[in-house]
There are 2 protein chains.
Amino acid sequence: MTEAAIQQIRRFNRLVTRRVGALDQSYLSRGRPLGEARLLFEIGQGGADVRELRAALDLDSGYLSRLLRALTAQGLIAVEKGRDDARVRRVALTALGRAEVAAYDRLSDALARSFLEPLAPPERERLLAAMAEIERLLSAGAVAVACEPADSADATWCLERYFAELARRFDEGFDPAKGAAAGVEAMNPPHGWFFLARLDGRPVGCGGLARLGAEAGEVKRVWTAPDARGLGVARRLVAAIEAQAREAGLSTLKLDTNRALKEAQSLYRKLGYVETARYNDNPYADHWFEKRLSRPARG
Amino acid sequence: MTEAAIQQIRRFNRLVTRRVGALDQSYLSRGRPLGEARLLFEIGQGGADVRELRAALDLDSGYLSRLLRALTAQGLIAVEKGRDDARVRRVALTALGRAEVAAYDRLSDALARSFLEPLAPPERERLLAAMAEIERLLSAGAVAVACEPADSADATWCLERYFAELARRFDEGFDPAKGAAAGVEAMNPPHGWFFLARLDGRPVGCGGLARLGAEAGEVKRVWTAPDARGLGVARRLVAAIEAQAREAGLSTLKLDTNRALKEAQSLYRKLGYVETARYNDNPYADHWFEKRLSRPARG
DNA sequence: GTCATTCTCTGACTTTAGTCAGGTAACGAG
DNA sequence: CTCGTTACCTGACTAAAGTCAGAGAATGAC
């Protein structure tokens, strides 16, 4: 990581905060403090629970309460008791509020347009492509992998998506109860471990490790959310699983996969897994892989 | 300019302000309000005039005065009367101040590093390349071309650089008094016009138009500052000159150029200028170009 | 030297942003 | 029904950021 690279990034940061930061200034043009404007924006056309807003904007509950009252006084929002849980208050835009949010939207659009307008068409293409690239790479950098219970809410969410995707993609469909049905317990200590990948707190992938015996473990349920593919999420999940396996003293990792999951097979090959003989009776498995782990580095 | 493009840019803006905005938070870790930290950073190793600081950070003079006093009280800066003009006060960092700025520099570096660290080397390359691209294209978009007197301070600055560059690049050297010596008056109304390109207020290029008669004009002194090359500055200057020429009822533009200025020749060709016979006795000219202008669009 | 202008500082504000310690109502487990 | 918890509100703060009018010194044009 050279000095020049650091300087390039710092230059980029300065330029971009300056240019993009102009948005804050233009938001002020509507005569409302930024805090209120941001809150209004966050509420959005669909409305939101006060609780969500507090989490999303990281505001003190007293402070948020006052902001909401200010917006109510301006006739932009209406706050009412939640239906399911009367403690949780629900915020919705009034007609006036919707118009106001639309106005802020136009300001955002205008800024975006001002980036494109002075450019010739081929340069526009390149700007958009470079932005997409940066978005992708910065997101990839912000993905965090952590071990957590395989039956946590987010883990369950991931597994459900995973099973749904298998059901869609396997020629033969997929029934979790029938498949590698080793349940969630197999991926919780002491039998195994489960990892979640998160992007800004939102789960974007998962993967589990289950002991097969004293020496071997199995890589299971490695999945990446569709909108986070291409960020190296699966690669990092497998890396976390391998690190855990070494830590636990396992020397071999095995895994199986279905013929429909081409990208999984190519990932495993790339990561050093080699195809091997059938080692289980999973009815959905068509390919079996194995990798010998090197001894853990000692500190 | 499609809706999708606008949305892409807005997504980029959101992501980048979030990620890069983390810098503000980390600046706070030094226990100093952001306003003071930014000011300290802006003063920089070289020091600055209070006037410059006020312009750069767009601060109220009373507010700035108080911030400076706070930093002085912390022993970070020293403010003294300016040498040339005793009204303009000069701010310099103390040893303690330099150490503090260095600490903020390290925070900036750490953020930059945190973008790179999670990425594999080829992805790092791509991130840096994309950042450079965006920097280039956003800068290009922010270049503003405007007509102004050819003897303004910034115009003079540009012309001096231009002449210095010619002196360096021409085999035969360059003496402004001898060359196409038609002075500055030829490029001021009513004989002509002079255009400056600015990036964030800083001049980054110039170009002039001088009448050669009732029908023809001459493109002169088109120059781009070295650090702004590749942004299409010259192209936009020539476009402004051509628009002005049409407006003034001219039907032909001529120009001469030296054999050393290859990139100028290729630009002019690309913009529709065709090489023609010598039309003046400029001793530094080796090539002469001409372009017929289409009639101005009527509104 | 006069006078308008420029640059900065001071004092007296306001607004925005944010924090903290209760307090109340609703909920959910027992 | 009780009781601990959650979600939100209220009041009473503080700190940061920003504004404005006016004063005083230095400057430059005349």
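Chain A is the first sequence line, chain B the second, and so forth, proteins listed ahead of strands; every chain is numbered from 1. Both backbone and side-chain heavy atoms feed into the values below; hydrogens, waters and symmetry mates do not.
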Q. For the atom pair CZ (B/R211) and CH2 (B/W193), what is the distance rounded to the nearest 0.5 Å?
A. 4.5 Å

Q) Which residue pairs pass the salt bridge (charged side-chain N to carboxylate O under 4.0 Å, His left out) test with at least one member in residues 98-110 of chain B, sequence neighbours excluded? A) A/R10-B/D105, A/R10-B/D109, B/R30-B/E100, B/R32-B/E100

Q: Quick one: which residue pairs count as a salt bridge (charged side-chain N to carboxylate O under 4.0 Å, His left out) with a foot in residues 58-84 of chain B, not counting sequence neighbours?
A: none

Q.
Among residues at least two apart in sequence or on other chains, which ones pass salt bridge (Lys or Arg N to Asp or Glu O under 4.0 Å) with A/R89?
A. none

Q) Please give, in whole Å, the distance from C/dT8 P to B/I77 CD1? A) 13 Å

Q: Spell out protein contact along nucleotides 18-30 of chain C as letters: B when the base is contacted, S when just the sugar-phosphate is, - when no protein heavy atom is under 4.0 Å; keep the 5' to 3' order.
A: BBB-----BS---

Q.
Walk me through whether B/Y27 and B/S108 qualify under side-chain contact (heavy atoms from CB on, under 4.5 Å).
A. CA-CA 9 Å; B/Y27 272 14; B/S108 279; 3.0 Å; yes

Q | Nucleotide C/dC9, atom P - distance to CG of B/L71 in whole Å | A | 13 Å

(Q) For residues 147-162 of chain A, which residue pairs pass the salt bridge (charged side-chain N to carboxylate O under 4.0 Å, His left out) check, not counting sequence neighbours? (A) A/E148-A/R198, A/D154-A/R198

Q: Could you pull out all residues at least two apart from A/W223 that satisfy side-chain hydrogen bond (donor to acceptor under 3.5 Å, both in side chains)?
A: A/E165

Q | Distance in angstrom units between B/R69 CZ and D/dA16 P, rounded | A | 15 Å

Q: Take atom CG of B/L68 and atom P of D/dG18, then tell me their distance rounded to the nearest Å.
A: 15 Å

Q: Identify, residue by residue, the members of residues 26-45 of chain A with a heavy atom below 4.0 Å from DNA chain D, and return them in order of residue number, or none.
A: none

Q: Could you state the atom-to-atom distance from CG of A/L67 to P of C/dT15 in whole Å?
A: 16 Å

Q) Please give, in whole Å, the distance from D/dC20 C1' to B/L64 CG? A) 16 Å

(Q) Roughly what angle, to 10°, lies between the helix axis at the start of the helix from C/dG1-D/dC30 to C/dG30-D/dC1 and the one at its end, five pairs per end? (A) 30°

Q) Under 4.0 Å between a side-chain N or O of A/R54 and OP1 or OP2 of D/dC8? A) yes

Q | Qualifying ring-ring contact (aromatic ring centres under 6.0 Å, His included) pairs with a residue from residues 55-94 of chain B, counting only residues at least two apart or across chains | A | none

Q) Rounded to whole angstroms, how far apart are CZ on A/R90 and C1' on D/dC9? A) 19 Å

Q. What pairs meet the salt bridge (charged side-chain N to carboxylate O under 4.0 Å, His left out) rule with one or both residues in residues 12-23 of chain A, with sequence neighbours excluded?
A. A/R18-B/D200, A/R19-B/D200

Q | Carboxylate-amine/guanidinium proximity below 4.0 Å for B/D227 and B/R202 | A | yes

Q | Salt bridge B/D24-B/R38, side-chain N to carboxylate O under 4.0 Å | A | yes

Q. With a 4.5 Å heavy-atom cut-off, do A/L116 and A/L127 have their side chains touching?
A. yes

Counting only pairs under 3.5 Å, give me each side-chain donor-acceptor contact of residues 134-141 of chain B, with atom names and distances, residues two or more places apart or in other chains.
| residue | atom | partner | partner atom | Å |
| --- | --- | --- | --- | --- |
| B/E135 | OE1 | A/Q8 | NE2 | 2.8 |
| B/E135 | OE2 | A/R11 | NE | 2.9 |
| B/R136 | NH1 | B/G230 | O | 2.1 |
| B/S139 | OG | B/E135 | O | 2.8 |

**Q.** Residues from residues 46-53 of chain B lying under 4.0 Å of DNA chain D - heavy atoms
**A.** none

